[in-house]
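The structure under discussion appears below in the form of structure tokens.
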Amino acid sequence: MSDVLRIENLEKRYEDSIVLDDINITVKKGEVVVIVGPSGCGKSTLLRCLNGLEKIQEGSVVLEDQIVNPVSKNQEKVREKIGMVFQTYDLFPHMTILQNVMLAPLKVKKRNKQDVQTEALELLDRVGLLSKKDKYPRQLSGGQKQRVAIVRALIMHPEVLLLDEITAALDPEMVREVLDVVLSLAKEGRTMVIVTHEMQFAKAVADRVIFLDGGKIIEEGSSKEIFEHPKTDRLKTFLKSFTYDEQ
Amino acid sequence: MNTNVIFTYLPEYTEAFVLTIRIAWLGIAIAFGVGIISAFVLYFKIPTLSAIVKIYIELFRNTPLLVQLFFIYFGLPRIGINISAETCGIFGLGLLGGAYMAESIRSGLDTVSESQIKSASALGMTRLQIFRFVIFPQAVSVSIPALLANVIFLLKETSVFSAISLMDLMFTAKDLIGLYYNTVECLLLLVVFYCLMLLPVSIIGGYVEKKVRFGMFGV
């Protein structure tokens, strides 16, 4: 399989503190890479570096043969190929659901309105939200909004999809409906980089898991290797924090 | 009070009313244009232009319209630019209003959260597209109450036009009082005509405000 995203020697600093240190990851086509790690380890920052929303100080991020980071002038051109879904959904509150989904393909890709609408309706139907197309974001639940945000990213036909803790702001009973959508995307061979705190989900969806701590990659492997046979103490401690067995 | 007098003065007042409204709305249209452009310049911190816009806003917000009109009406001819009283009124109002509109729109722009901009740029939109489709519509809906207050304020400010001998409502009232001394009738008509000009704005404005206000989308 060919490489879609190559991250080489990436380093991110805020003034004197190093946030990400010598990160090397290669994401293959159709691969689902899940990044886990304690809060503040730099997971979300790393994800934002992958589409150029954050600048980096060293190294590079390359999508196929286009440089994403260091950020260049025509950043938008490459960014439209990288879909991103955020923790806080960030739908546009002044537009209906359908308008939210259609905005970028119409304005950025300048596609034909009829085609875009047909595709938007298909995608909304797929995530079970066709009936909500004329509603405004504030009329939807968190889980529904997040599914719309996924559709809004998908309709741009991204080469790779970045999901940044997309269930962290949801009520527990809504987590499933969102993760089901992501799982179905993984099954159809979408390339994704996912940051999550849902370990069971990470286990189910990941082809490869990366454990990040203190801005460094500590361990990397298949989900079986990472979750069942962790090598480092830091990963073992981290995984223990998710279980409630007696000590 | 003599009701007959009121009816005899109606044509004069109507004429003044039409003139006042024409100047006011042209001035307000300019004010919106100037305000939007100024807010845009401030929002994107465009070098040099930002500084000019800031000076403009402070200058026009901190001097009375009457003084501004005197400067334009009596000052410009001295450097060889002759403009009519009407043009002077329109631009005076437009520039004063522009400064207020700019501040109102800018405060609206500041309420649009950083995450909206991030999610729009993640979709590949350019800064200009983000401004036009994401930030500006949300900002305007937040600013509507302030913009509406500005419109009402500007409509009332037209009353100083009489100082540069524009035959507006105030001028007509003062003129008729000076000529015939029917003070009560003339002032009553003045109040009625100002209400006629402003009440529809308040009523329609209130309706628009309810319709498009931020957070009210989809109620």
Side-chain angles (χ1 to χ4, degrees), chain A residues 44 47-48 50-54 68 71 73-97 99-110 132 134-140 145 148-149 152-158 161-164 169, chain B residues 32 35-36 39-40 43-47 104-148 205-219:
Chain A
S44 292
L47 217 53
R48 283 201 299 274
L50 300 191
N51 73 349
L53 281 178
E54 293 274 358
V68 182
V71 179
K73 270 227 150 149
N74 284 326
Q75 189 63 30
E76 299 87 18
K77 282 279 144 243
V78 53
R79 210 177 263 158
E80 66 177 80
K81 296 183 183 169
I82 306 170
M84 184 155 184
V85 182
F86 300 84
Q87 182 180 337
T88 47
Y89 347 115
D90 297 307
L91 298 180
F92 307 129
H94 59 298
M95 294 180 186
T96 64
I97 298 310
Q99 288 168 338
N100 261 280
V101 175
M102 290 174 65
L103 180 70
L106 288 181
K107 303 301 175 192
V108 176
K109 289 204 160 172
K110 317 258 188 252
K132 304 285 183 196
D134 296 319
K135 301 272 184 218
Y136 284 88
R138 70 189 304 273
Q139 296 167 302
L140 269 58
K145 278 189 258 198
V148 174
R152 187 174 65 170
L154 283 180
I155 200 166
M156 292 299 281
H157 308 146
L161 203 54
L162 311 175
L163 307 181
D164 186 9
Chain B
F32 268 107
I36 290 170
F40 180 88
Y43 187 76
F44 282 109
K45 300 188 177 70
I46 300 172
S104 304
I105 295 170
R106 196 188 55 82
S107 68
L109 291 173
D110 288 342
T111 64
V112 180
S113 71
E114 190 66 28
S115 67
Q116 284 280 306
I117 299 163
K118 285 216 159 156
S119 79
S121 38
L123 287 165
M125 293 168 79
T126 62
R127 266 158 52 104
L128 223 62
Q129 286 172 329
I130 297 173
F131 184 82
R132 188 166 150 211
F133 301 115
V134 177
I135 301 169
F136 189 69
Q138 292 186 52
V140 168
S141 67
V142 174
S143 301
I144 285 228
L147 295 175
L148 210 67
Y207 177 76
V208 172
E209 201 175 304
K210 263 206 195 107
K211 264 282 180 218
V212 301
R213 229 165 99 194
F214 182 74
M216 301 293 280
F217 294 108
V219 170

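Chain letters run A, B, ... following the sequence lines, proteins first, then strands; residues in each count from 1. Quantities reported herein were computed from a predicted structural model and do not represent experimental measurements.
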Handout entry: chain A contact via Gln129(B) - which portion, at a heavy-atom distance below 4.5 Å
Key =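 Just the side chain, heavy atoms under 4.5 Å.
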For [X], is it the side chain, the backbone, both, or neither that has a heavy atom closer than 4.5 Å to a heavy atom of chain B?
{"X": "Leu103(A)", "answer": "side chain"}
{"X": "Arg48(A)", "answer": "side chain"}
{"X": "Glu54(A)", "answer": "side chain"}
{"X": "Lys107(A)", "answer": "both"}
{"X": "Leu91(A)", "answer": "backbone"}

Handout entry: Side chain Ser119(B), main chain Asp90(A), donor-acceptor under 3.5 Å
Key = yes
Handout entry: Check: Ala122(B) main-chain N/O paired with Glu76(A) side-chain donor or acceptor under 3.5 Å
Key = no
Exercise for the section: With the side chain counted from C-beta on, respond yes when Ser141(B) and His94(A) share a heavy-atom pair under 4.5 Å apart, and no when they do not. Expected result: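 No; the side chains remain at least 4.5 Å from each other.
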Practice task
With sequence neighbours left out, write down each residue that passes ring-ring contact (aromatic ring centres under 6.0 Å, His included) with Phe92(A), or none if nothing qualifies.
Solution key: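 By the ring-ring contact (aromatic ring centres under 6.0 Å, His included) rule, Phe92(A) matches no residue at all.
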Problem - Glu80(A): side-chain contact (heavy atoms from CB on, under 4.5 Å) partners, not counting sequence neighbours - result: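 Lys77(A), Val108(A), Lys109(A), Met156(A).
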Exercise for the section: Might you point out which heavy atoms bring Arg79(A) and Ser121(B) nearest each other, and give the distance in Å? Expected result: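 Smallest interatomic distance, heavy atoms only, reads CD-O, 2.8 Å.
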Exercise for the section: For chain B, find which of Thr96(A), Leu53(A), Leu162(A) contributes the most heavy-atom pairs closer than 4.5 angstrom. Expected result: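 Ranked by heavy-atom pairs under 4.5 Å with chain B, first place is Leu53(A).
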Exercise for the section: For chain B, find which of Lys81(A), Gln75(A), Arg152(A) contributes the most heavy-atom pairs closer than 4.5 angstrom. Expected result: Arg152(A)
